[in-house]
Amino acid sequence: NFRHLKKRVMPPVCEVMALGARTPLTISIGGGKGGVGKSDVAANLGIAMARVGFRVILVDADLGSANQHTLFGVERPGHTLQAFIDRKIGSLEEAVVPTHQSRLFLLPGTTGVANAANVGHAQKLKLIRHLQALESDVVLVDCGAGSSFNVLDFYDLADVRVVVTTPQLTALQNAYGFLKSAVYRSLRQCALTAGEQQAFDNATTHCETERIDQVLARITKKAQPFATSLVRYLENFGGRLVGNQLEHPGQARTLHAFTRMAKDFLGLDVPFLGALPADRRIHASVTRRRPLLLDETSGPIAQAFSDLAEQLLTTDSVRLREGRRRHDSEPPPNGRRPGPMANFVRRHPRAETSLPARVISSGRNARAELLDVSDSGMRIATLIPVAVGARVVVRLDPAAGGHAFAAKVRWVRRGQIGVELTDASKASELMNVAKQRLANVS
C-alpha cells in the first residue's frame, strides 16, 4: 500500500514545492466532540505520511489534556509546548522527540498542568508562528476538542483543516458547530481595520440557522471590498471531512449530508475524504500504547489511511495560501502602513528574483526566498518572527553565491518582510546576483 502510495504522491508534492511552497504543508485535525477518535486518526495519518518518505512532525496542541505521547508509548516526553510558552526553551525543535516510525516526530503537548489551556493572546500568536515555521515537510496539528478560541486558532493555522466525526447524531451536531465556529473565527480575523471588524460583528446575528450568504450580503452593503475578500477566503478554506468508527457502509450517507449542509449554510466545500471502519484493534492499540499502523502495513485499515494520506499530501497548499491572502489592502498586523522601505521600493528599480536564502535574527535561523531587490533593500518571503526595526542578516544559499547582507526590518506582513540594507554599498552586489540569477533562468 505505502510503496504504491509513494509513487502516486511524490510527483505532485514535489511539483507544489517547486512552485514556491517553502513552508511545510500544515494539516490540522479537529472535531467538536471528544471520543470520536481524532487523536488516533492524527497518529496513524502521521505514520502513513512518514512511510511515503516525508519528514512529519505531529503536534499535540491539546493544551492541558495532551495524550499523543501516551499513544506512542513515550514515557517521559521531556520538554513540551508548555516549556516553549514558559520560555524555558528557545525553539520548538528542542521539544521534538522521535517515534518508533522513522521520519515521524512528536511535539508533545501539555497535560496535568493547572491553567495550561489559558494561554495569553501574544503567547499564542508566537506559538502559531513557530509552528508554521517548523523544519519539516508536513506538520500535523492535533487540536483539542471543543470550540474555545485557543482550539479554533490552532485549527485555523493550517493549510488543510480536517474535521473528524463519527456518524452518530450528537457527534455530527458538534462537528458542524465546531466547523461553524472555526469559519466565523477565521473570517473575523480577516478584518484588517476596526471598521471591518465592526461591519462583521454587526452583520452576525449568532442565530443557529444563520446562513453565511446572509452575513456576506449585510457586509457588502457596508464594506464591499471586505465582503469580496471573505468570499475568496471561503473558497480557499481548505476544509475536509473524515468519518471514523463506521459500523457499516450505509452510515456514509450521513457524512455526505454533512458536506451538503456545510455548503448550504457555511458556503464551504468540505469534501468527504473517506471513512474509517470501526475496528477493535484501534482500541487495543491505545491500550498497548502503540498506534495500529506501526504493526499493520496492509488490509482495510492500512488502505483507508493510505488513501487519506494521498488526498491530503496532494493538496495544492500554494493555491490555498494565495487564495486566503488579502489583495485589496493588506497593511501590517500593527495597523501601520509600510514606512521608508515602501518608498525605496517605489522609487528605485526593482529586480524580481527567486533567490533561496536564510534570515538570521536573535539566534533564529529560518528559510527564506528573495522575491525582489532594489538599490536599497529587498522583499523577502519568510516566516521568521521579527518586529519592525529588528536587525537581521540575510544569507544567500551557497548555490546563489552565499553572500551575506546586514539589514534592518522596515515592514512586516503575513509571510513577508521588507528590509533596508545597512550598507548601501552592498546594493550593487545584490542587484548583480539577482540579475545573474535571472540570466541563468532565461
Side-chain angles (χ1 to χ4, degrees), residues 26-34 36-38 41-42 45 141 143-149 151-190 200 203-219 227-246 250-276 307-308 311-312 315-317 319-321 323-324:
T26 53
I27 303 169
S28 56
I29 311 293
K33 184 179 178 64
V36 298
K38 173 178 55 62
V41 170
L45 263 180
V141 182
C143 304
S147 300
S148 68
F149 283 168
V151 172
L152 296 178
D153 289 341
F154 287 127
Y155 183 73
D156 285 339
L157 70 82
D159 301 316
V160 185
R161 300 153 180 179
V162 178
V163 178
V164 177
T165 183
T166 64
Q168 280 69 40
L169 178 60
T170 53
L172 289 167
Q173 288 176 330
N174 286 334
Y176 176 79
F178 171 80
L179 185 61
K180 179 179 179 180
S181 298
V183 168
Y184 276 64
R185 175 73 171 169
S186 58
L187 289 183
R188 192 181 188 279
Q189 292 188 335
C190 288
F200 184 86
T204 306
T205 63
H206 301 289
C207 174
E208 290 185 4
T209 58
E210 183 178 57
R211 299 167 61 103
I212 200 68
D213 56 356
Q214 297 170 336
V215 175
L216 294 173
R218 299 183 193 112
I219 295 175
T228 301
S229 70
L230 295 185
V231 171
R232 183 180 174 89
Y233 188 95
L234 287 172
E235 293 172 347
N236 296 277
F237 185 79
R240 304 290 188 269
L241 178 66
V242 171
N244 194 28
Q245 303 174 16
L246 271 69
Q251 290 181 319
R253 290 195 296 269
T254 61
L255 300 171
H256 287 289
F258 182 97
T259 65
R260 293 193 296 272
M261 184 168 63
K263 181 66 174 178
D264 291 342
F265 285 89
L266 301 178
L268 290 183
D269 288 318
V270 186
F272 174 42
L273 294 188
L276 298 166
D307 293 340
L308 290 177
Q311 295 181 75
L312 292 171
T315 301
D316 188 349
S317 60
R319 179 186 62 80
L320 291 176
R321 293 170 189 168
R324 295 171 189 169

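Note that the structure is predicted; figures quoted are calculated from it, not measured.
Using a 4.5 Å cut-off on side-chain heavy atoms (C-beta onward), T165 and Y176 make no contact. Under the 4.5 Å side-chain criterion, counting only non-hydrogen atoms from C-beta, V162 is not in contact with Y155. With contacts defined as side-chain heavy-atom distances shorter than 4.5 Å, the pair L268/L179 qualifies. Looking only at side-chain heavy atoms (C-beta outward), L187 and L234 come within less than 4.5 Å of each other. Between C190 and L230, some side-chain heavy-atom pair lies under the 4.5 Å cut-off. Under the 4.5 Å side-chain criterion, counting only non-hydrogen atoms from C-beta, R240 is in contact with T315. Within the 4.5 Å cutoff, the side chain of K263 has no heavy atoms near those of the V270 side chain. Between L241 and F258, the closest side-chain pair of non-hydrogen atoms falls below 4.5 Å.
In this structure, I219 and A203 approach most closely via the heavy-atom pair CG1-CB, 3.5 Å. What you find for P271 and T259 is that their closest heavy atoms are C-CG2, 4.5 Å. Closest heavy-atom contact between G267 and I212: N-CG2, 3.5 Å. Scanning both residues, F154 and C143, for their nearest heavy atoms gives C-SG, 3.8 Å. Nearest heavy-atom pair, N236 versus G323, reported as atom, atom and distance to 0.1 Å: ND2-CA, 3.4 Å. Taking both residues in full, the closest heavy atoms of A275 and L246 are given as CB-CD2, 3.5 Å, listed atom of the first, atom of the second, then distance.
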Q: Report the C-alpha distance between D269 and F237 in whole Å, list the side-chain angles of each, state the deciding distance to 0.1 Å, and finish with yes or no for side-chain contact (heavy atoms from CB on, under 4.5 Å).
A: CA-CA 8 Å; D269 288 318; F237 185 79; over 6 Å; no

Q) Given the rule in the side chain to side chain donor-acceptor pair (under 3.5 Å) test, do T166 and Q168 qualify, once you have shown the distances and angles that lead to the verdict? A) CA-CA 6 Å; T166 64; Q168 280 69 40; 2.7 Å; yes

Q: Give the intermediate values and the outcome of side-chain contact (heavy atoms from CB on, under 4.5 Å) for residues L255 and L172.
A: CA-CA 8 Å; L255 300 171; L172 289 167; 3.8 Å; yes

**Q.** Intermediate values then yes/no, side-chain contact (heavy atoms from CB on, under 4.5 Å), L45 and L308
**A.** CA-CA 8 Å; L45 263 180; L308 290 177; 3.9 Å; yes

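Taking the charged nitrogens against the carboxylate oxygens, R185 and D153 do have a contact shorter than 4.0 Å, which makes a salt bridge.
Geometrically, K180 engages Y184 in a cation-pi contact defined by less than 6.0 Å to the ring centre and at most 45° from the axis.
Panel note: side chain R161, backbone D156; a donor-acceptor pair is recorded below 3.5 Å. E210 places no side-chain N or O within donor-acceptor distance of the main-chain N or O of C207, the cut-off being under 3.5 Å. Although no hydrogens or angles enter the test, the distance criterion places no donor-acceptor pair under 3.5 Å between the side chain of R324 and the main chain of Y233. The closest donor-acceptor contact from the side chain of K38 to the backbone of A145 lies at 3.5 Å or more, if one exists at all. Checking side-chain atoms of Q251 against main-chain N and O of P167 turns up no donor-acceptor pair under 3.5 Å.
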